[in-house]
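Written out below as structure tokens is the structure these notes cover.
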There are 2 protein chains.
Amino acid sequence: MNGFEDGISRWRRVADEIRSEIVSGTFSSQLPTEAVLAARFGVNRHTVRRALAALGAEGLLRSERGRGTFINPLQPRITYPIGSRARFSENMMRQSLEPSGRLIGAERTAATPAQAIALGLAAGAPLLRLEHLAVAGGMALSRSTSYFSAMRFPDIIGAYAETGSITRALAQSGVEDYRRLETRITAERIATPDADLLQCPADAIVLVSEAIDVDAEGRPIQWIRTRFLADRLELVFSNEAGAATRVRD
Amino acid sequence: MNGFEDGISRWRRVADEIRSEIVSGTFSSQLPTEAVLAARFGVNRHTVRRALAALGAEGLLRSERGRGTFINPLQPRITYPIGSRARFSENMMRQSLEPSGRLIGAERTAATPAQAIALGLAAGAPLLRLEHLAVAGGMALSRSTSYFSAMRFPDIIGAYAETGSITRALAQSGVEDYRRLETRITAERIATPDADLLQCPADAIVLVSEAIDVDAEGRPIQWIRTRFLADRLELVFSNEAGAATRVRD
DNA sequence: ACCTATTTGTGCGTATGTATT
DNA sequence: CAATACATACGCACAAATAGG
């Protein structure tokens, strides 16, 4: 019996709650007994067992008969700096992760009024839309959709497909340097097609970043919307070089 | 019957999908008919109706017998700047929203090793933990947990309860100015107690911001973990004053 | 005024999944 | 493991409102 009527089963909510407590470090290395957890969440022990089974399948923990349930060592989130000069490849290599970008698709479109304003173009101007996937350390991290002026960057699709990097593709188009003007961040549930590409659960959560890059003269180059898998990385905005303190209870 | 084994009901997934298409502007002002949606998602019309009912309860749309289902005008997300000098009250007032902070609870604790490093204190140093709620324009926006040194800020709890503002509470403790050193952003499903306080659905998504504030001399003042309701605001990091372009198709 | 096609709203029966005892 | 109660999902049918001819 669910009772709450929000379409999420009880064992799934218990599993989500336990996972959140695990990643926030509430438990040591061993979980409380199933009976204790059942009492704490106000559910039957069967329901707790179902939740623990789901978390076990995720690789988060393992149960040992007669001993208890133990938390597996969890890999920390990748740190992804957002700032005026953030570069995907550099960021990943600094964390010893092999970066690569893969072109999913591309299309020629016309600028909507909002896109035209963002990119400093006339409404209806020809754009190139790139759908791409970012992978680091063998793990898919994000799905991006970016728009370029088709007039200024006619060869950007091929250049990206070849190099697997926006920075290098822009360099081939004569843009030696660029910086991020603005980043807007929100979060939502992942879209189904993205879940397939990112090889993640259908109910995963993504950090959505909408940003505008400009060249050295301040002219807009690309408008990009990236969906980062929230459980694989965290975005870091730092106001001082070298500041990288980490709190974990 | 669900078929999948992720503990999330079919109508809930359909509702999430439709909501995501609504906010991304896929539909005009009217949704496709229930029969069309049912075919598109491969579910029964009853299941679509259940999803639409949930979205209707959220205020996202309304159905009219014999005419169809129409999208309600959706209120835009509040803009929340993150930068070295961001202030909650100032940000909200700039958007004509009446800001206020409410103290939920407070407790005296001892610094964990990680907290001690972040706040520049000795491990086990006495801390004050404040649990607070931020409201703007009559709507709950975020839940925060912040830690202060109990030695340096013995009266911070009362000062916050009285003023409803961290900035003013710090001013009463002799901190005239402070800035944000670092902000780490990720996202997750809301925790159950927070959902009650923020008056939002149990399956809402929160942007989690972990940040450190320092005084004019660079000494750490507070470590704060804020959970923002992702569907009510977006975090904006801007590298140029006055840059506030917005793209929406 | 009438008919018809479309679309939402409602009812019932059945099968399966969920949660408790 | 079994029995029970409830929620979920489906399929079919029909009622009620709307819009157009």
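When reading the values below, keep in mind they use all heavy atoms of this one structure, side chains included, and skip hydrogens, waters and symmetry mates. Per chain, numbering begins at 1; letters A, B, ... match sequence-line order.
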- In plain terms, say whether B/Arg19 and B/Asp231 are close enough for a salt bridge, that is, a side-chain N and a carboxylate O under 4.0 Å apart.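 No.
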
- Query: Would you call B/Glu234 and B/Arg77 a salt bridge, using N to O less than 4.0 angstrom?
  - Reply: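 No.
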
Rounded off to whole Å, could you give me the [atom1]-to-[atom2] distance for the [X] and [N] pair?
{"X": "B/Leu55", "N": "C/dT8", "atom1": "CG", "atom2": "C1'", "result": "16 Å"}
{"X": "B/Arg49", "N": "D/dT8", "atom1": "CZ", "atom2": "P", "result": "16 Å"}
{"X": "B/Ile8", "N": "C/dG17", "atom1": "CD1", "atom2": "C1'", "result": "15 Å"}
{"X": "B/Leu52", "N": "C/dT10", "atom1": "CG", "atom2": "C1'", "result": "16 Å"}
{"X": "B/Arg65", "N": "D/dA16", "atom1": "CZ", "atom2": "C1'", "result": "4 Å"}
{"X": "A/Trp11", "N": "D/dA7", "atom1": "CH2", "atom2": "P", "result": "19 Å"}
{"X": "B/Gln30", "N": "D/dT18", "atom1": "CD", "atom2": "C1'", "result": "12 Å"}
{"X": "B/Arg12", "N": "D/dA9", "atom1": "CZ", "atom2": "P", "result": "11 Å"}

Can you see if the side chain of [X] gets near the phosphate of [N] - specifically, an N or O under 4.0 Å from OP1 or OP2?
{"X": "A/Arg45", "N": "C/dT21", "value": "no"}
{"X": "B/Thr47", "N": "D/dC10", "value": "yes"}
{"X": "B/Arg62", "N": "C/dT8", "value": "no"}
{"X": "B/Asn44", "N": "D/dA9", "value": "no"}

- Message: Assess the residue pair B/Ser144 and B/Ser146 against the criterion (side chain to side chain donor-acceptor pair (under 3.5 Å)); give the C-alpha distance rounded to whole Å, side-chain angles, the decisive distance to 0.1 Å, and a yes or no.
- Response: CA-CA 6 Å; B/Ser144 299; B/Ser146 50; over 6 Å; no

- Nearest-0.5 Å distance that lies between atom CD in B/Glu210 and atom CD1 in B/Ile224: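 Going from CD on B/Glu210 over to CD1 on B/Ile224, the span is 11.0 Å.
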
Candidate nucleotides [options], ranked by approach to the side chain of [X] - the nearest:
{"X": "B/Val43", "options": "C/dT8, D/dC10, C/dT20", "result": "D/dC10"}
{"X": "B/Ser9", "options": "D/dA9, C/dT8, C/dT20", "result": "D/dA9"}
{"X": "B/Arg67", "options": "C/dT21, D/dT18, C/dT18", "result": "D/dT18"}
{"X": "B/His46", "options": "C/dT21, C/dG9, D/dC12", "result": "D/dC12"}

- Message: Can you confirm whether the side chains of A/Thr79 and B/Arg184 place a donor and an acceptor under 3.5 Å from each other?
- Response: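 The criterion, which ignores hydrogens and geometry beyond distance, is satisfied for B/Arg184 and A/Thr79.
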
- Below 3.5 Å, does any donor atom in the side chain of A/Arg50 face an acceptor in the base of C/dG17, or the other way round?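 No, the side chain and the base share no sub-3.5 Å donor-acceptor pair.
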
- Item | 5' precedence on DNA chain C between A/Gly42 and B/Thr33 (nearest-nucleotide basis) |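 Taking each residue's closest nucleotide, the earlier one in sequence belongs to B/Thr33.
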
